[in-house]
Amino acid sequence: SKSIAIFASGTGSNFQALVNAFAGRTDIVIRALVCDHADAPVVAKATRAQIPVIVVDYRTAGSKTTAERRILAQLPPIDLIVLAGYMRILGPTLLNAYPQRIINLHPALLPSFPGRTGIEDAWHYGVKVTGVTVHYVDAGVDSGQIIAQVPVPITTGMSLEDLTAQIHRVEHQLLPATVRQLVQGGTI
Ligand code: GAR
């Protein structure tokens, strides 16, 4: 069986989608949530799902390296890290500890619209197709090798709110499906 840790910073709707998708499965087990804010809604979701929570505040840690060492020290043995709305760029401490074992969800079709506001940036640019990407994490910003993408058309009359809801619906399907595929394909 494969063990995963999920890193998330905020709402945690994708964390919840992963919890729901893997509930009752013994081949994929969520061992921990890592969060950088103790009061983020995702923390309450993990507590409710009885998933151990590791909170590391980067500001009190003082540096990214110290924060990542604290995370590493608390993580149980895992096969995969899934970044699901984790709003931090990973440094070498975590990247070197899990080579080719960290994936990220991004709410746009990379390499277009990297960064924290991919949905809004695509909408304001006026592209007719955006989407969702799952990719390996490297030292850059949303620059690692792409694993899976699903397009989302931006149709006439669609509001930013409509697009945001549609992107999230696609994310909630694609992220669990991609983790399943990596496990069942023997990649991790
Ligand atoms: C998701 O849309 C995810 O793609 C995005 O944050 C959101 C988290 O939502 N990630 C990024 O923008 C990373 N650059 P959630 O907390 O409800 O899962």
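Atoms within a ligand are numbered from 1 in the order they appear, just like the ligands themselves. Count residues from 1 along the sequence.
Partner of L18 under the side chain to side chain contact (heavy atoms under 4.5 Å, CB included) criterion, out of L175, I28, I51, L105: L175 alone. Paired with E171 under the rule side-chain hydrogen bond (donor to acceptor under 3.5 Å, both in side chains), one option of H168, Q173, R169 passes, and it is H168.
The closest non-hydrogen atom to atom 9 (O) of ligand 1, taken over V170, N14, V42, I89, comes from N14.
Of all atoms in ligand 1, listed by their number and element, those nearer than 4.0 Å to a heavy atom of T11 are 16 (O), 17 (O). The atoms of ligand 1 that sit less than 4.0 Å from any heavy atom of E171 are 1 (C), 2 (O), 3 (C), 4 (O).
At the top of the distance list for atom 16 (O) of ligand 1, counting protein heavy atoms only, stands G12 N, 2.7 Å. With hydrogens left out, the protein atom closest to atom 17 (O) of ligand 1 is S13 OG, 2.6 Å, a heavy atom. Annotation: atom 8 (C) of ligand 1 to nearest protein heavy atom, G85 CA, 3.7 Å. For atom 14 (N) of ligand 1, the nearest non-hydrogen atom of the protein is G115 O, 3.0 Å.
A side-chain N or O of Q16 and one of N20 form a donor-acceptor pair less than 3.5 Å apart.
Using a non-hydrogen distance threshold of 4.0 Å, H168 registers as a contact of ligand 1.
Between M87 and ligand 1, no N or O atom pair is found at a separation short of 3.5 Å.
Listed here is the closest heavy atom pair of H37 and V43: O-CG2, 3.7 Å. What you find for V29 and R25 is that their closest heavy atoms are CG2-O, 4.2 Å.
Through chains of ILVMFWY side-chain contacts below 4.5 Å, V56 is grouped with F7, V34, I54, Y58, I71, L72, L75, I78, I81, L83, Y86, L90, L94, L95, Y98, I102, V137. When hydrophobic residues (I, L, V, M, F, W, Y) are linked wherever their side-chain heavy atoms come within less than 4.5 Å, the members clustered with L109 are V129.
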